Amino acid sequence: MCGIVGYIGRKSAQNIILSGLNKLEYRGYDSAGIAVKCGEEIIERKFKGRLSVLEGFLCDNPVHGNIGIGHTRWATHGAPSDENAHPHSSTDYSISVVHNGIIENYVQIKEELTSLGYVFRSQTDTEVAAHLIHHYYEGDLLDAFIKAVGKLKGAYALVAISEKEEKIVCVRKDSPLIIGLGENESFVASDIPAVLEYTRDVYLMDDNVFAELTHDGVSLCDENKHPVQNEVYHVTWDAQDATKGGYEHFMLKEIFEQPTSVRNTLRGRLDKIGDKVTLDDFRLTKEDFNKISKVYIVACGTAYYAGCIGKYLIEKYARKTVETDVASEFRYKDPIIDENTLFIAISQSGETADTLAGLRYAKKMGAKVLSITNVVGSSVARESENVLYTWAGPEIAVASTKAFSTQIIAMYLLAIKFGLYSGNLSEEKADELIDSIYMLDKNIETVLGKIGEIEGIAHMFESIKDAFFIGRGVDHYLSMEGSLKMKEISYIHAEAYQAGELKHGPIALLEEGSVVVCTLTYGGELCDKVMSNLKEVKARGAKVVLIAEEGNEDNDGVSDVIISLPKAHEDMNILPAAVVLQLLAYYSAVNRGCDVDKPRNLAKSVTVE
Ligand code: F6R
């Protein structure tokens with residue numbers, strides 16, 4: 001998704017913007033650009049492709065100035081090209097803007113501006129904003145900006161500069177934007193990592209609040225220019241948390257951060273004494289919960305699979321019906337939802353457009369809303385009456401790993417809380433679960449210790465076209481996540497099936513040399529059934545990779561390789577198994593020479609429908 005960085009201060013705007021855009025590269029983009037106020041004029045430079053193209057050009061042709069804005073674009077309106085890259089400027093280059101989001105009524109505004117004689121250079125929706133500000137400009141950039149924004153419909157983080165004024169102005173609506181507060185310098189950006197090298201004090205901007213950044217500091221106001229207060233949020237995580245820290249890829253670093261992330265998510269929340277599960281920003285009482293007839297969990301991609309695992313855990317321990325849906329479907333199918341529904345949105349970024357829209361829909365229908373998110377002050381969090389932050393720290397790799405495991409932790413917390421609320425989970429059983437949840441970080445570390453073994457096994461995926469992921473019960477949800485991880489970063493076509501469903505069709509796809517990954521996190525009767533399913537697979541000549549808990553491993557020779565999981569309490573091998581699947585996908589992608597952290601066609605945060 002697009003990245004925005006703006007700077008005003010005493011240093012070289014070009015250098016600070018480029019360094020900030022580098023930190024935002026994880027958001028995914030197809031072009032990059034910069035506009036810097038150089039004396040009495042604005043110089044704009046922008047190119048299709050990687051940020052390095054822009055950097056290379058600016059290295060030979062620097063733009064000098066200490067006020068500027070920059071952007072990495074992920075195309076929505078108009079293909080990736082130099083012309084469509086941001087910034088966009090008024091015809092005379094006196095006004096320049098960068099924008100993230102979508103201006104829904106841009107066609108109508110474009111027609112109006114064209115009839116006034118404005119000439120457009122790009123196919124983007126954004127360009128209308130530059131001309132509109134120019135149209136309203138009468139010597140005060142903020143005035144013109146407020147008037148122009150008043151005409152826009154849609155979602156936007158919009159930032160503008162003028163050749164005539166020493167300032168930056170900006171606003172957000174349904175698209176992330178923060179302001180960094182430095183000493184004698186200020187920053188604006190789509191995300192905190194872009195400014196963390198320079199300041200830890202930021203404003204998390206609210207929708208429809210306008211900011212004016214000058215050499216004297218930052219002031220905030222509403223559309224009538226009445227002052228608005230905003231608390232300064234002090235960032236406590238390290239800048240290093242947002243960089244690779246010695247690992248080859250962000251994804252590997254984030255896989256290895258999981259024991260810490262899990263500990264952070266649990267911090268202060270789980271105790272055998274008292275209420276057992278303590279959640280701040282959580283107002284749902286036992287009485288509220290017991291009035292609820294149904295829980296609805298809605299999310300996208302990996303977060304959706306975390307929701308499916310949540311369904312399994314909540315239904316098992318709280319005996320409450322849980323429905324799940326992908327957010328892009330949910331609101332269009334007239335879901336049965338009312339004031340007796342608890343709606344849970346799961347989103348790492350808290351900015352995923354479909355999830356946010358689902359949440360708004362559920363609120364409109366009267367549901368109680370709880371969001372599970374990793375980003376403080378994100379849109380999903382702001383719009384929810386109950387919030388459970390996952391505290392995974394910034395996740396930079398496009399493929400979600402540590403966010404997923406902390407979302408699963410959130411699901412355990414809710415399953416115990418709701419189980420106790422509903423009376424279906426005894427205190428003793430809850431204590432047992434708490435003890436075993438506290439073992440999870442160690443069990444994940446044990447699995448991470450198998451990195452060499454898993455790296456070797458990943459060679460089985462080096463030259464295959466298709467992979468199959470199977471499991472039963474909760475393991476099927478894990479298989480779906482394993483299959484998504486494999487396809488999105490290694491580009492191997494991967495499918496997930498319930499192990500028992502194979503013989504109803506998909507088994508026809510198996511042939512000599514096909515690879516089937518089977519997850520088996522439990523023992524008992526179902527374990528024997530999975531083994532029978534594996535025999536069917538083996539008989540078709542497929543190679544079997546079995547991920548199973550110690551003691552439940554294959555003893556009939558049906559697996560080609562076995563990755564064993566530590567012996568754990570019931571339901572506690574979900575996370576260690578997920579880590580194995582992440583590492584398998586990671587090394588398969590590395591072996592195939594893929595761009596692991598920035599897989600093709602994908603963006604980290606999908607803020608458009
Ligand atoms: C896959 C992945 C995506 C996200 C999905 C939702 O590895 O990262 O499937 O899980 O786009 O994103 P959030 O959680 O930010 O709403």
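Just follow the structure's listing: the first ligand is 1, and inside any ligand the first atom is 1. A quick note: this is a predicted structure, and the numbers were derived from the prediction, not measured.
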Look at the rings of Tyr497 and Phe468 and say which category their plane angle falls in: under 30° parallel, 30 to 60° tilted, over 60° perpendicular. parallel
What do we get for Glu351 next to ligand 1 when only non-hydrogen atoms under 4.0 Å count, side chain, backbone, both or neither? neither
For Thr355, is at least one N or O under 3.5 Å away from an N or O on ligand 1? no
By side-chain hydrogen bond (donor to acceptor under 3.5 Å, both in side chains), Asp174 pairs with (sequence neighbours left out) Arg360
Can you report which non-hydrogen protein atom sits closest to atom 12 (O) of ligand 1, along with the distance? Thr352 OG1, 3.5 Å
Within 4.0 Å of some non-hydrogen atom of Gly301, the atoms of ligand 1 are 9 (O)
Taking only non-hydrogen atoms of Ser349 and a 4.0 Å limit, the atoms of ligand 1 in range are 13 (P), 15 (O), 16 (O)
Less than 4.0 Å is my threshold; does some heavy atom of Val398 fall inside it relative to ligand 1? yes
To atom 7 (O) of ligand 1, the nearest of Lys487, Glu488, Gln407, Glu395 on a heavy-atom basis is Glu488
Near Lys485, which atoms of ligand 1 are under 4.0 Å from a heavy atom of that residue? 1 (C), 7 (O)
For atom 5 (C) of ligand 1, the closest protein heavy atom turns out to be Cys300 O, 3.5 Å
Taking every non-hydrogen atom, the tightest pair across Thr373 and Ser349: OG1-C, 4.0 Å
Atoms of ligand 1 close to Ser347 [distance to a heavy atom under 4.0 angstrom, numbered from 1]: 13 (P), 14 (O), 15 (O), 16 (O)
Audit row: Phe289, Phe418, ring-ring contact (aromatic ring centres under 6.0 Å, His included) steps and yes/no: CA-CA 7 Å; Phe289 183 76; Phe418 295 162; 4.2 Å; yes
Could you list the atoms of ligand 1 found under 4.0 angstrom from a heavy atom of Gln348? 13 (P), 14 (O), 15 (O), 16 (O)
Counting from 1 in the order shown, the ligand 1 atoms closer than 4.0 Å to a non-hydrogen atom of Ala303 are 10 (O), 14 (O)
Apply ring-ring contact (aromatic ring centres under 6.0 Å, His included) to Tyr361 and Phe330, showing your working. CA-CA 9 Å; Tyr361 180 90; Phe330 167 72; 5.8 Å; yes
Between Tyr412 and Met572, which heavy-atom pair has the shortest distance, and what is it? CE2-CE, 3.4 Å
Are any of the side-chain nitrogens in Arg263 or Glu445 under 4.0 Å away from the carboxylate oxygens of its partner? yes
When the aromatic ring centroids of Phe256 and Tyr247 are compared, is their separation below 6.0 Å? yes
